[in-house]
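Comments concern the structure below.
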2 protein chains.
Amino acid sequence: MGRRSIHTQEELRELIIAATTSIIDEVGIDGLSAREIAKHIGYSPGTLYNMFENLDDLLLIIEARLLDDLRQQLLEAITNAPAHEQLPLLAATYFEFTQNHPKRWSLLIEHRIPGDHPVPDWYEDKISSLLQPFEEVLDPILADASPEARRRHARTIWAGIHGLTSLSTANKLATITNHSGQVLIDDLVMTYLAGLQSSARHSGRIAPEKEKR
Amino acid sequence: MGRRSIHTQEELRELIIAATTSIIDEVGIDGLSAREIAKHIGYSPGTLYNMFENLDDLLLIIEARLLDDLRQQLLEAITNAPAHEQLPLLAATYFEFTQNHPKRWSLLIEHRIPGDHPVPDWYEDKISSLLQPFEEVLDPILADASPEARRRHARTIWAGIHGLTSLSTANKLATITNHSGQVLIDDLVMTYLAGLQSSARHSGRIAPEKEKR
DNA sequence: TGAGTATGTATCGACCGGCGGCCCATGCTT
DNA sequence: AAGCATGGGCCGCCGGTCGATACATACTCA
């Protein structure tokens, strides 16, 4: 068969990404295969490998877009919100987002690249940039803490929220949290915040070093 | 081929479980296949299916044993420990355990049963029983809180710790926390505890209902 | 009691459909 | 005419199935 030129490379690429995303959203990653994607878009399996190195590469791109979307929604959620509500808003938005795309979120959690190390840098950058909203929101609360402490607290609360949302979408562990994910998220955020403020109060300010333990 | 009777059914079962566990620990779940297991124990692939319904069934059993081991270590960690150190000890033990068995822990997180629901009850019970040490340890701190609040706080802190450890073993998200998992765990536990105590202090006791938000 | 036979079953391994990934002859488009 | 996007067959795997096999055992009978 020869060239079709019905779609440009870029169109074809987007077609593949869209088809793959919809398959994942509908039947989950177990129903996904190169043949299935190809069938959806009316091309042959081989064509996929002209556009993407392999399926992992394709999935990584889908995950990256999901991360972009999430980051966007996090940023939108806190614009024009009162400072003291921003962290709970972030948490709620994070949780809601994962609940809205459970299969794709599970993909993000469960998809592992074969071989042990080679997650591309741009992917890690996207993960890191999820932290940014949390750092921004914590900044006023931790105004006098050391930069290192601020980074640490942002990571902690982010990871905690992330953990709760992951447990909630992974149906294997869900009995623990399924009915009450949002409640637990609130609990985590509020109690952690209270802890931060309590530390600040006790030491006059948050001590730049070793303010805990 | 006929019966060998070199191993009893029970021995064979344990042989399979041991071989599978060692394959996972060494090369991870990607290197695992029925043929590979069979080769390790000197039997044919078909034999596996006399002992286990399928690979998922086998993996679930391995996960269950991992959960049992973890629970055991958690309980040991807090016996004879001063009350105020118990929660940090639990957290540290949890984290250390997952770091000691990273591939098997990843299996636990990432392994999904095909089809959406059918995680067996005994499996969910094992998950639930992980919560028990956390509830025990929180009890003295939350002596005057409602049972519902105590359950909630235990779940929250457990899920947070779980989330942090999972992020740390999943190499895809690791850049965030890899160098400092233990530090973040400490931060989470200490700050959350401070938050709980602060709530208790402010309201005289922890309010039985709606003590937050 | 011991040899010979019948029975049951543990085990094997070929087989099935499907997978990811590869590759290059084909034939359309320019 | 020529270059290249594309199709689709191919390879070596996979998980899982199942009928054939051959061994351990139970039984029979001398």
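To find a chain, count down the sequence lines: A is the first, B the second, and so on, and within it residues start at 1. As the structure is a computational prediction, the values presented were derived from the model and not from experiment.
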Choosing from D/dG15, C/dC12, D/dT6, which nucleotide comes nearest the side chain of B/Y43?
C/dC12
Of the listed nucleotides D/dT17, C/dC22, D/dC10, the one nearest the side chain of B/Y49:
D/dT17
[N] [atom2] sits how many Å from [X] [atom1], rounded?
{"X": "A/R112", "N": "C/dG20", "atom1": "CZ", "atom2": "C1'", "answer": "19 Å"}
{"X": "B/E10", "N": "C/dA10", "atom1": "CD", "atom2": "P", "answer": "14 Å"}
{"X": "B/I16", "N": "D/dG15", "atom1": "CD1", "atom2": "P", "answer": "14 Å"}
{"X": "B/D57", "N": "D/dT17", "atom1": "CG", "atom2": "P", "answer": "12 Å"}
{"X": "B/M51", "N": "C/dA10", "atom1": "CE", "atom2": "P", "answer": "9 Å"}
{"X": "A/E53", "N": "C/dC22", "atom1": "CD", "atom2": "C1'", "answer": "13 Å"}
{"X": "B/L58", "N": "D/dG15", "atom1": "CG", "atom2": "C1'", "answer": "13 Å"}
{"X": "A/N54", "N": "D/dC13", "atom1": "CG", "atom2": "C1'", "answer": "16 Å"}

Quick one: on DNA chain D, does A/Q9 or B/E36 contact a more 5' nucleotide (nearest heavy atom)?
A/Q9
Identify whether any heavy atom of [X] sits under 4.0 Å from a base atom; if not, whether one sits that close to sugar-phosphate; answer base, sugar-phosphate or nothing.
{"X": "A/L32", "value": "sugar-phosphate"}
{"X": "B/L48", "value": "nothing"}
{"X": "B/N50", "value": "base"}
{"X": "B/I37", "value": "nothing"}

Hey, which of these two, A/A34 or B/P45, hits DNA chain C nearer its 5' end, going by closest nucleotide?
B/P45
Once side-chain hydrogen bond (donor to acceptor under 3.5 Å, both in side chains) is applied, do any residues pair with A/T156, and if so which ones, sequence neighbours excluded?
B/D187
Those residues at least two apart in sequence (or on a different chain) that pass side-chain hydrogen bond (donor to acceptor under 3.5 Å, both in side chains) with B/D68 are B/K126
So does A/S44 get a side-chain nitrogen or oxygen closer than 4.0 Å to the phosphate oxygens (OP1/OP2) of D/dG8?
no
Using only side-chain N and O atoms of B/T47, determine if any of them is under 4.0 Å from OP1 or OP2 of C/dT11.
no
For a quick test of reading the model, state the closest non-hydrogen atom pair linking B/Q99 to B/S168 and the distance between them.
NE2-OG, 3.4 Å
For the side chain of A/R35 and the base of C/dG18, is some donor closer than 3.5 Å to an acceptor across the two?
no
Would you give the length of the straight line joining atom CG of B/L196 to atom OG1 of B/T191, rounded to the nearest 0.5 angstrom?
11.0 Å
Using 30° and 60° as the class boundaries, would you call the ring planes of A/W105 and A/F97 parallel, tilted or perpendicular?
perpendicular
